[in-house]
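To keep things clear, I will list the structure first and then write my remarks on it.
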Amino acid sequence: MSMNELMNRALSAAVDSAAPLTVELLRDLIEPSELPEPLGISEVAELLGISAHTLRYYERCGLIDVDRDGLEHRQYDSAAIRRLVFLTRMRLSGMPMRDLRRYVELVDGGDRTVPERLEMLVAHRDAVRKHIRELQLSLVATEYKIATYGGATGP
């Protein structure tokens, strides 16, 4: 199942139940039992909707450690996939690579770095919320123009 399919399931579940999209909902959708282990690079790329090149780049940048099999092929375990899900969501939401690198350094630094990680994520959440508001205003402006040209607005 690809990341797009997982996100579509999450969004459908939120719409169908009139419940908000929550961390718990996403956690429920990404069950380790649904992900065969270990996965190769092409399977992980397809699952996450990113390129194998991006996965190799994340590895070179030190964002992810990946085990290798006897033929030196990458083998992604569930922990690596969970980290990649997080990393890809953060990149999609606009988190810069330098911040991702810093966040991973902090995670690898252990529990003593939790306050700094929390601070980073709160700041990022605030930036994402601001961007969502800006996108909502852009959507309203677009729908206004569509209506001006006689088109239908809405879903």
Side-chain angles (χ1 to χ4, degrees), residues 1-139 155:
M1 177 175 306
S2 74
M3 184 54 61
N4 286 338
E5 290 169 322
L6 288 171
M7 290 307 297
N8 287 338
R9 280 178 52 196
L11 292 171
S12 293
V15 169
D16 293 345
S17 68
L21 187 59
T22 64
V23 172
E24 290 77 20
L25 178 61
L26 287 176
R27 187 179 299 128
D28 291 344
L29 290 172
I30 304 170
E31 288 292 324
S33 61
E34 291 186 39
L35 303 172
E37 293 184 333
L39 296 180
I41 194 167
S42 62
E43 296 160 315
V44 174
E46 182 179 342
L47 173 70
L48 298 177
I50 59 177
S51 68
H53 174 77
T54 298
L55 291 170
R56 288 187 289 272
Y57 175 70
Y58 284 180
E59 188 178 355
R60 278 194 313 276
C61 288
L63 297 176
I64 188 83
D65 289 322
V66 182
D67 291 332
R68 305 287 179 126
D69 66 12
L71 298 173
E72 291 299 309
H73 295 134
R74 290 169 176 84
Q75 297 291 297
Y76 294 83
D77 61 13
S78 59
I81 293 169
R82 279 192 302 276
R83 180 174 275 196
L84 285 164
V85 167
F86 176 78
L87 294 172
T88 57
R89 294 300 96 192
M90 293 301 97
R91 284 296 294 147
L92 181 64
S93 66
M95 183 178 274
M97 284 299 290
R98 72 178 177 282
D99 291 350
L100 275 178
R101 284 187 199 106
R102 178 68 182 139
Y103 182 83
V104 167
E105 286 174 12
L106 292 170
V107 168
D108 293 344
D111 290 342
R112 66 180 174 74
T113 66
V114 167
E116 192 174 347
R117 284 185 262 163
L118 177 60
E119 184 179 321
M120 282 184 76
L121 292 174
V122 167
H124 183 68
R125 178 198 60 199
D126 293 345
V128 169
R129 285 179 174 168
K130 180 181 179 205
H131 187 67
I132 289 169
R133 286 191 306 272
E134 291 168 349
L135 287 173
Q136 287 170 330
L137 184 57
S138 296
L139 178 59

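The shown structure was predicted, so the numbers you read here are calculated from the model rather than taken from an experiment.
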Could you go through Leu121 and Tyr103, starting from their C-alpha distance and side-chain angles, then the distance that decides it, and tell me whether this counts as side chain to side chain contact (heavy atoms under 4.5 Å, CB included)? CA-CA 9 Å; Leu121 292 174; Tyr103 182 83; 3.7 Å; yes
[Y] and [X], any side-chain heavy atoms less than 4.5 Å apart:
X      : Y      : answer
His73  : Arg68  : no
Thr113 : Glu105 : no
Gln136 : Ile132 : yes
Asp99  : His124 : no
Leu55  : Ile64  : no

Give me the atom names and distance for the closest heavy-atom approach of [X] to [Y].
X     : Y     : answer
Gly40 : Gln75 : CA-NE2, 4.5 Å
Ala52 : Ala45 : N-CB, 3.8 Å
Ala80 : Asp65 : CB-O, 4.3 Å
Arg91 : Pro96 : NH1-CA, 3.7 Å

| message | Is it true that, when you exclude Arg112 itself, more than 12 heavy atoms of the residues, nucleotides or ligands shown sit nearer than 6.0 Å to its CZ? | response | no
| message | Does Arg98, at its CZ atom, have more than 12 non-hydrogen atoms belonging to other residues, nucleotides or ligands within less than 6.0 Å? | response |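 At most 12 heavy atoms, drawn from other residues, nucleotides or ligands, come within 6.0 Å of this atom.
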To the nearest 0.5 Å, what is the distance between [atom1] ([X]) and [atom2] ([Y])?
X      : Y      : atom1 : atom2 : answer
Arg74  : Asp67  : CZ    : CG    : 12.0 Å
Arg133 : Arg129 : CZ    : CZ    : 8.5 Å
Ile50  : Tyr57  : CD1   : OH    : 12.5 Å
Arg102 : Leu100 : CZ    : CG    : 13.0 Å
Leu47  : Tyr76  : CG    : OH    : 11.5 Å
Leu63  : Phe86  : CG    : CZ    : 10.5 Å

* Quick one: do Glu59 and Arg56 make a salt bridge, cutoff under 4.0 Å? ->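 Result for this pair is no, no salt bridge flagged.
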- Task: Identify which one of Arg101, Arg83, Arg117 satisfies the salt bridge (Lys or Arg N to Asp or Glu O under 4.0 Å) criterion when paired with Asp108.
- Result: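 It is Arg83, the one option of Arg101, Arg83, Arg117 that forms the salt bridge (Lys or Arg N to Asp or Glu O under 4.0 Å) with Asp108.
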Verdict with reasoning, Thr88 to Thr54, per side chain to side chain contact (heavy atoms under 4.5 Å, CB included): CA-CA 10 Å; Thr88 57; Thr54 298; over 6 Å; no
